[in-house]
Amino acid sequence: MIKPMRPFSIVALFLLGFNSAAASDATFLESIAMVESGQNRKAIGKAGERGMYQVGKAAWDDASARLKAEGHYAFPWSKWRDATAQDMVAASHLRWIRANFHRVGMTDPTPEQLALVWNVGWSEARSRDFRANDYAFRVANLFRSQKVSTR
């Protein structure tokens with residue numbers, strides 16, 4: 001049984017601009033969180049990943065630096081337990097993934113492709129020609145079911 005999705009931080013949505021793109025990304029990230037940690041904000045992964053999105057320190061630092069460059073607060077790694085920090089860092093990381101797709105001419109990546117990059121990283125996903133794995137299918141299915149139920 002799938003438990004109901006917890007809402008993405010309203011503070012993060014406000015900071016990111018409450019619009020349909022931000023809301024869709026929030027729903028996608030909730031799906032990532034469900035698969036990564038069962039949406040457990042206190043989760044700590046085997047390789048040191050943190051929070052409900054299971055973000056590693058290097059990805060956290062990169063995403064936080066992008067937030068600072070965008071004029072937002074840069075969340076230090078020590079703030080990983082904070083819900084708004086987790087959501088803002090995850091949203092920044094997702095924007096970076098989308099930007100990489102745009103850079104290679106893929107302007108409308110599928111949820112499977114986005115989830116694959118989240119799971120295995122950009123280089124590995126590209127070496128696989130962005131062919132989805134089980135993780136990517138699970139995230140995409142959750143995402144699509146949430147989009148349908150919110151209409």
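Positions are given from 1, in the same order as the sequence printed here.
- Looking only at side-chain heavy atoms (C-beta outward), Phe28 and Ile32 come within less than 4.5 Å of each other.
- Asn40 contributes a side-chain N or O that, together with a main-chain N or O of Lys42, makes up a donor-acceptor pair within less than 3.5 Å.
- For Trp118 and His93, the ring centers sit closer than 6.0 Å to each other.
- Between Leu116 and Arg128, some side-chain heavy-atom pair lies under the 4.5 Å cut-off.
- Closest approach of Val89 and Leu67 over heavy atoms only: N-CD1, 4.1 Å.
- Checking side-chain atoms of Arg41 against main-chain N and O of Ala83 turns up a donor-acceptor pair under 3.5 Å.
- Residues Arg66 and Trp96 have side chains in contact (heavy-atom distance under 4.5 Å, counting atoms from C-beta outward).
- Looking at Phe75 and Gln86, their side chains never come closer than 4.5 Å, going by heavy atoms from C-beta outward.
- With hydrogens and angles ignored, the 3.5 Å screen pairs no side-chain donor or acceptor of Glu112 with any backbone N or O of Thr110.
- Side-chain contact between Met34 and Arg138 is absent, with no heavy atoms from C-beta onward closer than 4.5 Å.
- Nearest heavy-atom pair across Ser92 and Ala63 is OG-O, 2.9 Å.
- Taking CZ from Arg131 and CD from Gln113, the interatomic distance works out to 11.5 Å, rounded to the nearest 0.5 Å.
- Arg98 has a carboxylate O that lies under 4.0 Å from a charged side-chain N of Asp25, or vice versa, which qualifies the two as a salt bridge.
- Between the side chain of Asn119 and the backbone N or O of Ala115, no donor-acceptor pair lies under 3.5 Å.
- Proximity of Tyr73 to Ser64: side-chain heavy atoms (C-beta onward) are nowhere separated by under 4.5 Å.
- Here the side chain of Ser37 pairs a donor or acceptor atom with the backbone of Ala33 at under 3.5 angstrom.
- A 4.5 Å side-chain heavy-atom check between Leu29 and Asp87 finds every atom pair outside the cut-off.
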Under the ring pair (Phe, Tyr, Trp, His ring centres under 6.0 Å) rule, what do Tyr53 and Trp80 come out as? Steps first, then yes or no, please. CA-CA 10 Å; Tyr53 306 105; Trp80 75 265; over 10 Å; no
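- A donor-acceptor contact shorter than 3.5 Å is absent between the side chain of Arg144 and the backbone of Leu142.
- In this structure, the side chains of Glu36 and Val139 stay at 4.5 Å or more apart for every pair of heavy atoms.
- A tilted orientation is assigned to the rings of Trp122 and Phe130, their planes being inclined by 30° to 60°.
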Stepwise side chain to side chain contact (heavy atoms under 4.5 Å, CB included) check, Phe101 with Val117: CA-CA 10 Å; Phe101 276 110; Val117 173; 3.8 Å; yes
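- With hydrophobic clusters built from ILVMFWY side chains whose heavy atoms lie under 4.5 angstrom apart, Val120 does not share a cluster with Phe143.
- Criterion: ILVMFWY side-chain heavy atoms under 4.5 Å apart, direct or through other members. Under it, Leu114 and Phe137 are not part of a common hydrophobic cluster.
- Here the straight-line distance linking atom NZ of Lys57 with atom CD of Glu49 works out to 14.0 Å at 0.5 Å rounding.
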